[in-house]
Structures are given as C-alpha cells and as structure tokens.
Amino acid sequence: MDYVVKQLGAALSRGEQRAKDYVNAQVHDTIARWVEREPDPAGEVARVLRVDRTTAERWVGEAGAR
C-alpha cells in the first residue's frame, strides 16, 4: 500500500489529471458515506479534512446532491 500512496503522491505532484480525478472521486465517495452515517457530516468533514465549516457544508451539500 505504501508503494501505491507514493506513486499517487508523485503523480499528483506532477499534476497528472488522472491522479487528480482519482483523488477527487475518493474524497467524494468518503464524504457521501459520512453524509449517510454521521449525525453531523459537515462537522466530521471539517474535522478530518481540516477545512472550515463553510467549506465542509458546501462539500456535504454537493455530495448529497449527487
């Protein structure tokens, strides 16, 4: 698994679009799961991803709309 993470990190640092798309999809799926199971999904997103509450609420809204 370390190898995969290192390769993904290297691809992201090179700006490869496929790597960006993959990471975006993984984040979206994770947020969608939090929306389903967490009583305060925006709070969980803000805490885990270290973003402000407004950004977390926007992301949760986007994940819930899809």
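By the side chain to side chain contact (heavy atoms under 4.5 Å, CB included) test, D29 is found to be paired with R33, residues two or more places apart in sequence or in another chain being considered. Not a single side chain to side chain donor-acceptor pair (under 3.5 Å) links N24 to another residue, sequence neighbours left out. Here R50 pairs with nothing under the side chain to side chain donor-acceptor pair (under 3.5 Å) rule; sequence neighbours left out. Residues passing the side chain to side chain donor-acceptor pair (under 3.5 Å) test with Q26: none are found, sequence neighbours excluded. With sequence neighbours excluded, no residue satisfies side chain to side chain donor-acceptor pair (under 3.5 Å) with E38.
Interatomic distance, Q7 CD to D2 CG, rounded to the nearest 0.5 Å: 11.5 Å. Rounded to the nearest 0.5 Å, atoms OG1 (T30) and NE2 (H28) are 10.0 Å apart.
Ion pair D52/R58 not flagged as a salt bridge, since none of the NZ, NE, NH1 or NH2 atoms sits closer than 4.0 Å to an Asp/Glu carboxylate oxygen.
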Does the pair D40 and R47 meet the rule for a salt bridge (Lys or Arg N to Asp or Glu O under 4.0 Å), with working shown?
CA-CA 11 Å; D40 179 21; R47 183 183 69 78; over 6 Å; no
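Here the closest heavy-atom approach between residue A63 and residue I31 is recorded as CB-CG2, 3.5 Å. Heavy atoms only, all atoms of each residue included: A42 and A56 are closest at O-CB, 3.3 Å. Counting all heavy atoms, side chain and backbone alike, V45 lies closest to V51 at O-CG2, 4.2 Å.
Pairs of residues two or more places apart, or lying in two chains, never qualify as salt bridge (Lys or Arg N to Asp or Glu O under 4.0 Å) while including a residue from residues 18-28.
Contact of the W34 side chain with the V48 side chain is registered, since non-hydrogen atoms from C-beta on lie closer than 4.5 Å.
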